[in-house]
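The structure under discussion appears below in the form of structure tokens.
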Amino acid sequence: RLSLVIPAYNEARRIGATLDGLSSHGTTVGWGRHGLLEVIVVCDGCTDSTEDCARQRAGSLPLRLVA
């Protein structure tokens with residue numbers, strides 16, 4: 001199992017594209033099907049919409065948000 005930790009501080013402009021890319025690649029290689037990947041986005045003290053952007057991708061990735 002692979003745990004990918006993404007530290008994110010005020011990354012609302014970029015986090016969506018990053019997570020979408022991971023989702024697309026994960027679908028291609030089958031990580032999600034086999035439960036081999038979990039993505040942990042760590043967002044502490046963000047003052048923008050980084051958390052909301054990450055939550056919107058929770059359906060397409062095995063995503064955990066730590067805020």
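This one's a predicted model, so the numbers in the text were calculated from it and none came from an experiment.
- With hydrogens and angles disregarded, a donor-acceptor distance shorter than 3.5 Å links the side chain of Ser23 to the backbone of Ser60.
- Residues passing the disulfide (SG to SG under 2.5 Å) test with Cys53, sequence neighbours excluded: none.
- The two residues Ile40 and Ser3 have their closest heavy-atom pair at CD1-CB, 4.5 Å.
- The hydrophobic clustering, which links ILVMFWY residues whose side-chain heavy atoms are closer than 4.5 Å, places Val5 and Val41 apart.
- The minimum heavy-atom distance between Ala8 and Ile15, with the atom names listed, is CB-CD1, 4.3 Å.
- Screening residues 4-15 for side chain to side chain donor-acceptor pair (under 3.5 Å), with sequence neighbours left out, gives Asn10-Thr47, Glu11-Arg14.
- Within the 4.5 Å cutoff, no side-chain heavy atoms of Leu36 are placed close to those of Leu2.
- Between the CD atom of Glu38 and the CG atom of Leu61 there is a distance of 11.5 Å, given to the nearest 0.5 Å.
- Put simply, CG on Leu63 and CD1 on Ile6 are 8.0 Å apart, with the number rounded to the nearest 0.5 Å.
- Across Ala54 and Leu65, no two heavy atoms sit closer than the pair CB-CD1, 4.2 Å.
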